[in-house]
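These notes are about the structure you will find just below.
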Amino acid sequence: MDNKQSIPVPDNKENEMQEEVEEEIKLLPPNNTIYINNLNERISIDDLKQELFKLFSEYGSILEIKAKKNIRMRGQAFVVFEQIACAQKAIEALNRKNFYGKALHLNFAKTKSDAILKREGAYAPRQPKIFNAADFIEERQSNKKQKENLKNKESATAKLAAQPLVQNTIIQPHHTLFLENLPINSNTEVIKAFFATFPGFKEVRLVPQKRVAFVEYEDENKATAALASLQSFKIGDQTVTANYAKA
DNA sequence: AGCACA
């Protein structure tokens, strides 16, 4: 609900202008590790790592992927390649690619990853971190939140299970999303072009007469991630609503 | 915006 996204309309001049303005990012000297930022922060770290792996492993073998969700490190990730040349290829191919609704910002990392230092026998355990109260508190809070979320989830499913078998109106997560209020003339290609930018996309089934569509993803998690990234979005100037399909 | 490595 806080981030509106829109499907570019072909003959909309404003959109064309914006694309031309995209500035080049200056690359740092080559490194085994790619530093990524501008990542969609609503995606869970696990999903993020998995999808980054799928995407980047096409360009060479990956030693590891690091990502954290604390204030300082969220929205960023490190992909460590076995070979620098592969990191280079990946940057060339993937920079600015749409990923979970946002453009990947890729660069070489500023420093060597520990994994690489270890491989070179040059790894020396860093100075023990100076105690940082802010980090400490933040970590505690995010742990607490995680626990709360888990508890909420559990109690929600418990509630759901406790309900009588009368049809309930709660919409449960589903691997398919349901789109409503589509513009009269919308076509599958336009919808597909947009939803395929979210990992795990499978297909769109449009029901033109009803101006609704079903957007199918590999699994519930992928559908959830896509949905989380776009509470509302537009085709032209029409706001389309999305939710899980009913089971 | 934000370059880490439990």
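Just so it is clear, the values below take in all heavy atoms, side chains as well, and ignore hydrogens, waters and symmetry mates. Numbers restart at 1 for each chain; the letters A, B, ... are given by sequence-line order, proteins then strands. Being a predicted model, the structure only gives us computed values, none of them experimental.
- As a whole-Å value, the separation of A/N107 CG from B/dA1 C1' is 15 Å.
- By the neighbour-count criterion of 12 heavy atoms within 6.0 Å, atom CD of A/Q83 is sparsely surrounded, having that number or fewer from other residues, nucleotides or ligands.
- Of the listed nucleotides (B/dC5, B/dG2, B/dC3), B/dG2 has the atom at the smallest distance from the side chain of A/R74.
- Using a 4.0 Å heavy-atom distance criterion, A/F108 is classed as a base contact.
- Taking atom OH of residue A/Y35 and atom P of nucleotide B/dA1, one finds them 11 Å apart after rounding to whole Å.
- As judged by a 4.0 angstrom heavy-atom cut-off over every strand, A/I116 is placed among residues making no nucleic acid contact.
- The base of B/dA4 is not paired with the side chain of A/E64 by any donor and acceptor separated by under 3.5 Å.
- Regarding A/I36, its CD1 atom lies at a distance of 15 Å from the P atom of B/dA4, rounded to whole Å.
- For A/K118 and A/G75, each mapped to the nucleotide of DNA chain B holding its nearest heavy atom, the one lying further toward the 5' end belongs to A/G75.
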Ring pair (Phe, Tyr, Trp, His ring centres under 6.0 Å) evaluation trace for A/Y35 with A/F78: CA-CA 5 Å; A/Y35 170 72; A/F78 298 86; 5.4 Å; yes
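- Here the P atom of nucleotide B/dG2 and the CD1 atom of A/I71 are 15 Å apart, to the nearest Å.
- Whole-Å rounding puts the A/D114 CG to B/dC3 P distance at 16 Å.
- Judged by distance alone with a 3.5 Å cut-off, a donor-acceptor contact links the side chain of A/K68 to the base of B/dA6.
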Chi angles and distances behind the side chain to side chain donor-acceptor pair (under 3.5 Å) call for A/Y244, A/T224: CA-CA 8 Å; A/Y244 296 111; A/T224 300; 2.9 Å; yes
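- In this entry the distance linking NZ of A/K66 with C1' of B/dC5 reads 5 Å, nearest Å.
- Salt bridge A/E92/A/K89: absent, no basic N to carboxylate O contact under 4.0 Å.
- The CG atom of A/L63 sits 15 Å away from the C1' atom of B/dA4 (whole-angstrom rounding).
- Residue A/K112 is in base contact, counting any heavy-atom pair closer than 4.0 Å across all strands shown.
- If you measure from atom NZ of A/K69 to atom C1' of B/dG2, you get 16 Å, rounded to the nearest angstrom.
- Cluster membership check: A/F99 does not share its hydrophobic cluster with A/I45, using side-chain heavy-atom separations under 4.5 Å among Ile, Leu, Val, Met, Phe, Trp and Tyr.
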